[in-house]
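If you read the sequence from its start, that first residue is 1, and numbering goes on from there.
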Amino acid sequence: ARVVAGAKLASGIGASVQIGLAGPEDAFRLKADAEVRNPAGGNLRFATTGTVNAQTRVAALSSLQAIWKGEDLHLLGPARIGFRDGLSLDHLRLGLRQGEIDANGRASPTLDLTLTMRNLPADLAAVFAPGVAADGVLRGDAHLTGTPTRPEGRIELAAAGLRLRSGPGRALPAANLNASAVVAGTSARIDARVTVGASANLSVSGQLATAPSAPIDLQVGGALDLAMLDPLLTASGRRVTGKVALDARVGGTLPAPRISGEARLADAGIQDFPLGVHITNINGLVEASGTSIRLSSFQGRAGPGTLGISGSVETSARGLPVNLEITARNARLLASDLLTATLDADMSLRGEAMGKLAVGGKIDVLHADIGIPKRMPVQVPVLAVRIAGESPPPPPAPPPALGLDLTVAAHQVVVRGRGLFAELAGSIKVGGSTAAPQPLGSFHMVRGNLAIAGQTLNFDKGEVGFNGGSMTDPSLDFVATSTTNTMSASLSITGTASNPKIT
């Protein structure tokens, strides 16, 4: 007998199968081939040979192979599959690269099944997530009884030496996972621990529901040394320090979890060398209760002043409503050769974490020093490197735009360098969004002079205007004069910062 069948779906996915049977009823010679054609996700090819005893309903397989996305799953030795009164497996040993999967026992209508998994490579994840390439080895053991809808038994899973092969994550220490679960019907008692080198650990234990309506009761704890992130940040001139401790409990149900507990940040610091940002002595407390996550305290030192954040996020409402308050008092947030700024601030961040967020409030620049360098840094060309045979990486997604409703008041801004000294003050109101800010206002000159060609010109007026202009391309209106017994000189600068007109 020979059976040939095929089908094609509107989505473009097609399937075909050929089955051949020959011989007496108690020893049919079996040969089967099948293919599922998926233009988007790759084709799946399947082939097997063996014999089938139709009287005892047992298939003895001598070969089996399944190929999908370049991965080859094949039979390592003779196996028997029974299909009388359900499904049973006897010595089903499958090879996948250097790994092995074994299955023995009854799979239906009742369970008495033993499964083992050894030496499976972690980069098999790339089959389902093409961007993930990882090192590491996976192993697992399971023995299940009961029924497929209400299984009972024990499952153990371990992963050793997990590490990303590409991207910034390859510089992180290797991670190890050990997890076990005792399954009983609609719930499971789990115990899992993840360690990343000596810098991070996370543990989860307790009751986990396998049905949507069943309750869950999990205890989550862990610690993280932020210095672990140095390999990711140092190349870009950034650094973080400090320790995070987590102690939380998760209750409720899977569709409606309820979180309680806290996460503490202690003795942390943030430093951005290119921008001149240096915040020290950061301590914070995040508390969760029911459906609310509250940032109870977050305080740090910025030069002689302080920076603080407080507020909450509601997890039960649609869109995750956010309500945060940001304050700064005499905080030196920027300190470099080009720009040093000390400010007060009272700002808010409100909206939805999964939707639109807006920043509002007032920033008072108490004092700022802007240095004009003698020469600008050399521009370093960036080569567009492409690796043969690999698709170029997609461009990074732009960050979400934040709505703006800010007032920036400058009390003393000093600009100096290359013969220029100027002190400005004023205020601007910034609307629009971070993607397209709309400034309105100006900064005017309090006093200033310009030394040029052995002469000093005193500024009579000066204004940097943002009325409808770009934040990075304001309008200019400066007039400087110098008068002696024999000469009167005048210099005016108008136009915009990108296209100044000097007379």
Side-chain angles (χ1 to χ4, degrees), residues 13 15-19 30-51 59-83 87-108 111-144 148 151 153-166 169-170 174-181 183 192 194 389-390:
I13 297 177
S16 61
V17 61
Q18 297 185 33
I19 302 174
L30 168 68
K31 183 177 181 180
D33 296 277
E35 183 176 17
V36 177
R37 295 176 296 277
N38 183 358
N43 297 341
L44 169 65
R45 295 191 300 275
F46 175 86
T48 185
T49 60
T51 61
L61 302 183
S62 57
S63 70
L64 182 149
Q65 185 179 43
I67 299 176
W68 184 50
K69 292 187 175 181
E71 299 297 339
D72 183 358
L73 180 69
H74 53 276
L75 194 65
L76 295 176
R80 296 167 63 87
I81 300 178
F83 47 93
L87 178 66
S88 61
L89 308 173
D90 185 15
H91 289 89
L92 181 63
R93 296 173 55 238
L94 300 173
L96 184 59
R97 297 197 204 172
Q98 76 272 21
E100 181 178 328
I101 304 171
D102 294 357
N104 284 279
R106 175 169 291 277
S108 70
L111 285 174
D112 189 6
L113 186 64
T114 299
L115 300 171
T116 61
M117 179 177 68
R118 292 290 183 271
N119 297 324
L120 284 185
D123 63 354
L124 285 173
V127 174
F128 307 97
V132 177
D135 292 321
V137 178
L138 309 177
R139 68 171 180 82
D141 294 276
H143 182 73
L144 299 175
R154 184 177 179 86
I155 302 172
E156 294 185 353
L157 179 66
L162 296 178
R163 189 198 301 268
L164 292 175
R165 288 182 186 166
S166 60
R170 64 184 175 179
N176 298 301
L177 164 69
N178 288 279
S180 64
V183 183
V194 179
E390 294 187 10

| Testing Val36, Asn38, Ile67 for side chain to side chain contact (heavy atoms under 4.5 Å, CB included) with Leu44, which one passes? |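 Answer to the side chain to side chain contact (heavy atoms under 4.5 Å, CB included) test with Leu44 among Val36, Asn38, Ile67: Val36.
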| query | When Thr48 is tested against each of Leu64, Asp33, Ile19 for side chain to side chain contact (heavy atoms under 4.5 Å, CB included), which residue passes? | reply |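 When Leu64, Asp33, Ile19 are each tested with Thr48, the side chain to side chain contact (heavy atoms under 4.5 Å, CB included) holds only for Leu64.
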| Does Arg139 pair with Glu156 as a salt bridge, N-O distance under 4.0 Å? |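 Salt bridge between Arg139 and Glu156, a charged N being under 4.0 Å from a carboxylate O: no.
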| With the threshold set at 4.0 Å, does a side-chain nitrogen-carboxylate oxygen contact exist between Asp141 and Arg118? |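 Arg118 and Asp141: salt-bridged.
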| task | State the NE2-CZ distance between His74 and Arg93, to the nearest 0.5 angstrom. | result |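 Result: 9.5 Å between the selected atoms.
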| request: Could you grab the distance from atom CG of Leu61 to atom CG of Leu30, nearest 0.5 Å is fine? | output: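 These two atoms lie 7.5 Å from each other.
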| said: Restricting to side-chain contact (heavy atoms from CB on, under 4.5 Å), what partner residues turn up for Ala179, sequence neighbours left out? | reply: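 With neighbours one apart ignored, the set is Leu177, Ala192.
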| query | Shortest non-hydrogen contact from Asn104 to His91? | reply |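 Reported closest heavy-atom pair: OD1-N, 2.6 Å.
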| task | Compare every heavy atom of Pro151 with every heavy atom of Leu111, then report the nearest pair and how far apart it is. | result |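 In this case the closest contact between Leu111 and Pro151 is CD1-CB, 3.9 Å.
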| Is Arg80 atom CZ crowded by more than 12 heavy atoms from other residues, nucleotides or ligands, each under 6.0 Å away? |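 Check fails, neighbour count at 12 or below.
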| task | Report yes or no: do Asn119 and Glu100 form a side-chain donor-acceptor pair below 3.5 Å? | result |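 There is no such pair (donor and acceptor under 3.5 Å, judged by atom type) between the side chains of Asn119 and Glu100.
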| query | Are the side chains of Arg45 and Glu35 in touch, meaning some heavy atoms are under 4.5 Å apart? | reply |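 Yes, side chains in contact.
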